[in-house]
Peer 1: 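What follows is a single structure, and I will ask about it in a moment.
What's counted below: heavy atoms across the whole structure, side chains too, no hydrogens, waters or symmetry copies. In the text below, chain A, chain B and the rest are named by the order of the sequence lines, each starting its count at 1.
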Amino acid sequence: MKIDSISKLREIYEEKLPLLALRQAEANVGKERVLMVCGSAGCLSASAQELIDQLNEEIKAHNLEDLVSVEITGCFGLCAEGPIIRVFPDDTFYVRVKPEDAKRIVETHLMQGKVIDELLYLNVDTNDRVMRMEDIPFYKKQFKIALRNCGIINPLKIDETLAAQGYLGLAKVLEENDPEKVCQTLIASGLRGRGGGGFPTGLKWDATRKSVADQKYVICNADEGDPGAFMDRSVLEGDPHSVLEAMAICGFAIGANQGFIYIRAEYPLAISRLEIAIGQARELGLLGKNILGTGFDFDIELRYGAGAFVCGEETALMRSIEGKRGEPFNKKVFPSEKGLWGKPTCTNNVETFANINPIILKGAEWFSSIGSEKSKGTKVFALGGKINNVGLVEVPMGTTLREIIYEIGGGIPNGHEFKAAQTGGPSGGVIPASQLDIPVEYDTLISIGSMMGSGGMIVLDDTDCMVDIAKFYLEFTCEESCGKCTPCRIGTTRLHEILEKITTGKGTLEDLEVLENLSNVIKDASLCGLGKTAPNPVLSTLKYYMDEYRAHVVDKKCPAGVCKDLLEVVITDKCIGCTKCARTCPVGCISGNVKEKHVIDQTKCIKCQACIAQCPVQAIVTE
Amino acid sequence: MACKCDNEVCYAELDKFIAEGHYDDPDSLIQVLHHAQHLFGYLPREVQIYVAKKLDIPIAKVYGVVTFYTFFSETPRGENVIQVCLGTGCFVKGAAKVMESFENELKIKQGETTEDMQFTLSAVRCVGACALAPVVMINDKVYTHVDPSSVKRILEKYLISAAS
């Protein structure tokens, strides 16, 4: 059945609203319950599907089908504690739930009304169990716009999207019928591209709107290639319609009737959720011809990436959609004039699109009141690495790094110390401990040599070697350079070689100079964003961790104890002479008599550290 | 995950895919290659030539695209495809050692396939399960918090099922 008018859509919204009634924290507690289970890729890898099946079985076995429902939902963010269940309306947040817990959740919680303490979140600071999601420190400083529906709606049911005001933004702009006003609203909102560049979204839309052509295109960049980032995946899996709606709004604003979503083939779940969502939207007439009876046509097709990081770059992405090698081209003429197949094209990132519906419905003023002076709204970060609460967070722009790492992220595990946060992936840089109090926003991050990036935030502790980290990123960019520009193709390879030299103890002081000079050349002489930013991990680690580079080069030591060739494995006086290490050593370089201290022959040692793992008294250490 | 059917069936399937989706133009090359790899398991020379003729593109262009994207493979892959995540989240939690452990156990290097065609070992840049790092995907199954010492145990399951 098609929804053939704007008023009909509004009626349906009113009609569907009760679907979400139970899912309000302040809803009345009656007999009905709904269990929201995270169905994102992370939790699904941790047996969330088995959990859902098990819950449904138990509910059936106890004849509770009329009162209790289990719904899949988008990412709750606290991935480290997954799989997660949120029970409404009595607002109970269960973490690390295993399929075998289904029985007691049904019998104890649903039937007897008793909360299961062991499954609640444990606040390690106070040693208290926390029942409500809002009371967990991880959520206290968060503010959700892009992720507003994750954890609330079932992304597989379009009715729930409609109940959550989905497509009402599209209805509003179609009713007002003023494309220029849409662009002006976005300009006034201050929304900037969330893919990393931070270009004002409204200006991009307006420029494409002004281009005159018989055909224009909207592209959603879902080629989330930055290793260690999964914000876009979570939005697509948890709220696919918000992206489809925003693309249609963009199409209306710029005068395009065709959209493409360019998505990584590595995200099968997101692809399947999008396919389902597009099918549903077409069936209801929210995509296709004559949308809501207004005469506006807009449709969306999926295009799959094929494993090339450079295709996240706007122009390379267009080449790839055209079926060619993903090599960037010169932006002498902006894509807003000549983009996909030479036609005006507007490309936005997934998270940018996810912000559109609330801006249209709540207004530019509302949006621009959130965040900092130059960066409005919120930003989603994927917190990863050496941090307690690994997961997805959405914070107002301008939140300090300290708040993100310590208050939301829960600090560094195993008593280690914070060393740096890496943002912007292979294009970004490191933020050292001395900069913990800077507000996280586009311009401040650039001013200290990093960048916002798409939102990957990897936390490093004192056991991470910064030279090794730089080498890791360079290895990545070497492999992913498309090869079109010499400075990027050859330059990144040379950078990687020098870093390899340094980490194996063959580096010289001169190498450090070459590193810096070469980095600047690559930055200046490359065509696209990949090459221009590829040296950033080197430059920013050189800037803040020169001591560490010097230690590798001059003292031939790796202070963090990571670079194998610079390590010495030694047996300390704690040795009890049990001979376990000597028997384990694959090259037989450990000698010593029983009950006497053993010795390692450094000339033969291959630093495999197998002995360290075997020693019962921790007598073997690396230096 | 090589194709079990004979080639003729695969070609017929590919023709059907191209005809039904109106993919017989150069712009659809990547879509068609995705599907061809899905059908044949990999993209041998004959398939590339076939696609080139079908879409009316020079063979060199098809080859250029196939070799540009890491997702496309010109060599057959093993029965089980092991993908060790080398994204940043997994890297800082020791993914390199996990990869090393797979290389030692299987006696092949990253990107290679075992002689008996049982395993292909490859690296993947982030599957987005960073909270569960280090992560390894074998076919569709995700293994989380993988320790280098648990690699042998993981592989045993596949060896047993191959033997039976």
Peer 1: Between A:Arg303 and chain B, which part of the residue has a heavy atom less than 4.5 Å away: side chain, backbone, both or neither?
Peer 2: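 Answer is both: backbone and side chain atoms of A:Arg303 are under 4.5 Å from chain B.
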Peer 1: Flag yes if more than 12 heavy atoms outside A:Lys484 fall under 6.0 Å of its NZ atom; otherwise flag no.
Peer 2: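 Count over threshold, so yes.
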Peer 1: Between A:Cys79 and B:Ala131, which heavy-atom pair has the shortest distance, and what is it?
Peer 2: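 Reported closest heavy-atom pair: CB-CB, 3.2 Å.
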Peer 1: Heavy-atom pairs under 4.5 Å with chain B - which of A:Tyr304, A:Phe472, A:Tyr473, A:Phe230 has more of them than the others?
Peer 2: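 Highest number of pairs under 4.5 Å: A:Phe472.
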Peer 1: For the residue pair B:His35 and B:His38, does the interplanar ring angle fall in the parallel (under 30°), tilted (30 to 60°) or perpendicular (over 60°) class?
Peer 2: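 Tilted, since the angle between the ring planes falls between 30° and 60°.
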Peer 1: Taking B:Leu33, B:Asp27, B:Ile57 one by one, which has the highest count of heavy-atom pairs under 4.5 Å against chain A?
Peer 2: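 Top count of heavy-atom pairs under 4.5 Å with chain A: B:Asp27.
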Peer 1: Picking from A:Cys311, A:Ala308, A:Ser320, which has the most non-hydrogen pairs under 4.5 angstrom with chain B?
Peer 2: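 If we count pairs closer than 4.5 Å to chain B, A:Ser320 comes out on top.
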Peer 1: What part of B:Ser149 gets within 4.5 angstrom of chain A, counting heavy atoms only: side chain, backbone, both, or neither?
Peer 2: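 Contact with chain A involves no heavy atom of B:Ser149 at all.
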Peer 1: Which atoms of B:Val124 are under 4.5 Å from chain A, going by heavy atoms: the side chain, the backbone, both sets, or neither?
Peer 2: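 Interface part for B:Val124: side chain.
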Peer 1: Please flag which part of A:Ala229 lies under 4.5 Å from any non-hydrogen atom of chain B: side chain, backbone, both or neither.
Peer 2: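 The backbone, not the side chain.
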Peer 1: Do you know which of B:Thr88, B:Val135, B:Leu86 has the most heavy-atom pairs under 4.5 Å to chain A?
Peer 2: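 Counting heavy-atom pairs under 4.5 Å, the top option is B:Thr88.
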Peer 1: Against chain A, work out which of B:Ile30, B:Val142, B:Leu132 has the most heavy-atom pairs shorter than 4.5 Å and name it.
Peer 2: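 Of the candidates given, the most pairs with chain A belong to B:Ile30.
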Peer 1: Could you look at A:Leu302 and say if it's the side chain, the backbone, both or neither that has a heavy atom under 4.5 Å from chain B?
Peer 2: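 Only the backbone of A:Leu302 comes within 4.5 Å of chain B.
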Peer 1: For B:Asp116, look at atom CG and say whether over 12 heavy atoms of other residues, nucleotides or ligands are found less than 6.0 Å away.
Peer 2: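 Count over threshold, so yes.
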Peer 1: Given heavy-atom pairs under 4.5 angstrom as the criterion, report whether the side chain, backbone, both or neither of A:Leu460 touches chain B.
Peer 2: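 Just its side chain gets close to chain B.
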Peer 1: Looking only at heavy atoms and a cut-off of under 4.5 Å, which of A:Glu327, A:Gln422, A:Glu224, A:Lys324 has the most pairs with chain B?
Peer 2: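 When all of A:Glu327, A:Gln422, A:Glu224, A:Lys324 are compared, A:Lys324 has the most.
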Peer 1: For each of A:Pro227, A:Pro268, A:Gly225, tally heavy-atom pairs with chain B at distances under 4.5 Å, and name the one with the top tally.
Peer 2: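 Of the options given, most contacts go to A:Pro227.
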Peer 1: Of the backbone (N, CA, C, O) and the side chain (C-beta and beyond), which part of B:Glu100 lies under 4.5 Å from a heavy atom of chain A, both, or neither?
Peer 2: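 When you check distances to chain A, only side chain atoms of B:Glu100 fall under 4.5 Å.
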Peer 1: What part of A:Val562 lies closer than 4.5 angstrom to a heavy atom of chain B: side chain, backbone, both or neither?
Peer 2: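 For A:Val562, neither part sits under 4.5 Å from chain B.
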Peer 1: Between B:Glu105 and B:Lys107, does any side-chain N to carboxylate O distance fall below 4.0 Å?
Peer 2: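 Salt bridge flag = no for B:Lys107 with B:Glu105.
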Peer 1: Give, as side chain, backbone, both or neither, the part of A:Arg233 having an atom under 4.5 angstrom from any heavy atom of chain B.
Peer 2: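 For A:Arg233, the side chain is the part near chain B, not the backbone.
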Peer 1: I'd like to verify something: which residue of A:Gly323, A:Gly384, A:Ala306, A:Gly82 has the highest number of heavy-atom pairs under 4.5 Å with chain B?
Peer 2: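 Among A:Gly323, A:Gly384, A:Ala306, A:Gly82, the one with the most close pairs to chain B is A:Ala306.
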Peer 1: Is there a side-chain contact between A:Ile606 and A:Pro586 (heavy atoms, below 4.5 Å)?
Peer 2: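 Yes, close enough: below the 4.5 Å cut-off.
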Peer 1: Do the side chains of A:Glu81 and A:Val390 get nearer than 4.5 Å, heavy atoms only?
Peer 2: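 They are not in contact (no side-chain heavy atoms under 4.5 Å apart), so the answer is no.
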Peer 1: Does a side-chain N-to-carboxylate-O contact under 4.0 Å join A:Asp464 and A:Lys386?
Peer 2: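 Yes, charged N to carboxylate O under 4.0 Å.
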Peer 1: What orientation do B:Tyr143 and B:Tyr158 show, parallel under 30°, tilted 30 to 60°, or perpendicular over 60°?
Peer 2: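 Correct class here is perpendicular.
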Peer 1: Under 6.0 Å between the ring centres of B:Phe91 and A:Phe476?
Peer 2: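 Ring-ring flag for B:Phe91/A:Phe476: false, centres at least 6.0 Å apart.
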Peer 1: Honestly, is B:Lys61 close enough over B:Tyr63, meaning NZ or CZ under 6.0 Å from the six-membered ring centre and within 45° of the axis?
Peer 2: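 No, B:Lys61 does not sit over the ring of B:Tyr63.
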